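One structure is given below, encoded as structure tokens.
Small disclaimer: the values here were computed from a predicted structure and weren't measured. Atoms within each ligand, like the ligands themselves, are counted from 1 in listed order.
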Amino acid sequence: MIVPMETESLPVDRIRQDFPILQRRIRGHRLIYLDSAATSQKPESVINAELDAYRKFNANVHRGAYLIAEEATAAYEGARKKIARFLNAPDPSSIIFTRGTTEAINLVAYSWGWSHLKPGDQILITEMEHHSNIVPWQLIAERTGASLAVVPILDDGTLDLEALDRLLTERVKLVAVTHVSNVLGTINPIKEICEKARQVGATTLVDGAQAAPHLSVDVTALGCDFYALSGHKMLGPTGSGVLYGRKEILEAMPPFLGGGEMIRTVTFEKTTFNDVPYKFEAGTPAIAQAIGLGAAVDYLEAVGRERIRAHEKALTAYALTRLQEIPELTIYGKAPPDGRGGVIAFNAGDIHPHDLATFLDAYGICIRAGHHCAQPLMRRLNVAATARISFYLYNDEDDIDTCTTALKKALEFFGR
Ligand code: PLP
């Protein structure tokens, strides 16, 4: 575990030592991981928290009458409390553990959406959404007779807020919007959007997959009704995620999945349901993963989220400057470092992004190539795919320099 830090800037070399995978060498090179928007690496403390859950107190939660089961329950519920504090949620019972953002959004779609939407209603999303904030709404729209409306983006990769105002009519029952785009990096004005949605009586869901790991998220200040995040993108284990929901709304919602844990009484005639959050956690949950996510929150808080944000902002500014040295590159999304997260998507002339990623891999550099689960956005950008680099607290300017040099070599290699 890292020691508390006395300086303002992040001691990246020391942070890297906490991440076993970053000690690996790839084909003779230091591993340079520039794909944290897909999934983040995990520090030793998170790996150990998960291992300890299996090694020391592996038991099912909420039902054991013996010590290790009580310990497992305390650790699992302790993680819920940490996450509530991390998001400034008013109450741990408004935190539901899910497998990730996708499951959190589906939970809202199938529980809230199915029970609230009717023909003629609209679900307002944006052109920069990830598929996981598009497809669940399409599925639920088909079942309920509601329809989807889409806020377009401007050429600079920010949301067209005038269009949002036009589209936000009384027909809109839900506004589902990403906090940070996983392609453009744009940080959306969530507080303002939630306020506007409230004025027409719409419920709000924020996809926080790319925001919670990097920004100081305060769900109370944002004023959203739901906030979804993925634990694995914020140093936590895969299979961990969270849905925050406003308590009154969660209490009024029907269950999502049925089974053990989520019930109070069951007869063949009728079942009554448990209180929130348990009503939404049917079956044995991902116990060790949730505990690991709690350890991830501890780690992020020990480093300091403001400092992580400042570091990533500086790194993004530096990366944008370095990448602009290469005239063949087209960078998608023009929000300034202040208004964007640590994500940069680009193409290098007509070199296929997959070829670029494979070329960089030979230097131990991991980048993402593809449509980033945002095909409608790719269509808007008029591309089939892009390359993407994304940063976290363990990246530094050296990583960017090595990546820039490798990109220049790639252009030479491919004869551009
Ligand atoms: N939303 C955004 C903006 C994302 O970037 C991602 C993952 O890349 C998701 C949702 C889906 O997250 P998960 O696959 O963890 O459910």
* Would you mind telling me if ligand 1 is within reach of the side chain of T178, the backbone, both or neither, using heavy atoms under 4.0 Å? => side chain

* Side chain, backbone, both or neither: the part of H232 lying under 4.0 Å from ligand 1 by heavy atom ->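 For H232, the contact with ligand 1 is made by the side chain alone.
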
* Summary of salt bridge (charged side-chain N to carboxylate O under 4.0 Å, His left out) pairs that have at least one residue in residues 90-116, sequence neighbours excluded ->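 Only D91-K247, R99-E103 qualify under salt bridge (charged side-chain N to carboxylate O under 4.0 Å, His left out).
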
* Answer yes or no for N133: is there a heavy-atom contact with ligand 1 below 4.0 Å? => no

* Say whether K233 and ligand 1 are in contact under the criterion: heavy-atom distance to a ligand atom below 4.0 Å. =>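 Contact check K233 vs ligand 1: positive.
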
* Over 12 foreign heavy atoms within 6.0 Å of NZ, K191 ->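 Result for NZ/K191: open.
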
* Asked: For atom 15 (O) of ligand 1, which of S230, G100, S390 has the closest heavy atom?
  ->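 Of the listed residues, S230 has the closest heavy atom.
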
* Asked: Out of Q210, M128, H130, whose heavy atom is nearest to atom 6 (C) of ligand 1?
  -> H130

* List the closest protein heavy-atom neighbour of atom 1 (N) of ligand 1: residue, atom name, distance to the nearest 0.1 Å. =>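 Of the protein heavy atoms, D207 OD2, 2.5 Å lies nearest.
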
* To do: Return the residue, atom name and 0.1 Å-rounded distance of the protein heavy atom closest to atom 11 (C) of ligand 1.
  =>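 Nearest neighbour among protein heavy atoms for atom 11 (C) of ligand 1, to 0.1 Å: T102 OG1, 3.5 Å.
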
* Asked: Distance under 6.0 Å and angle within 45° of the ring axis: does R380 meet both against Y332?
  ->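 Negative - R380 is either too far from the ring of Y332 or too far off its axis.
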
* Would you call K42-E50 a salt bridge at under 4.0 Å N-O? -> no

* Test: R63 and E261 ion pair at under 4.0 Å -> yes

* Please collect all side chain to side chain donor-acceptor pair (under 3.5 Å) contacts where either partner lies in residues 197-208, sequence neighbours excluded, each pair once. =>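 For residues 197-208, and leaving out neighbouring residues, the side chain to side chain donor-acceptor pair (under 3.5 Å) pairs sorted by first residue read T204-D225.
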
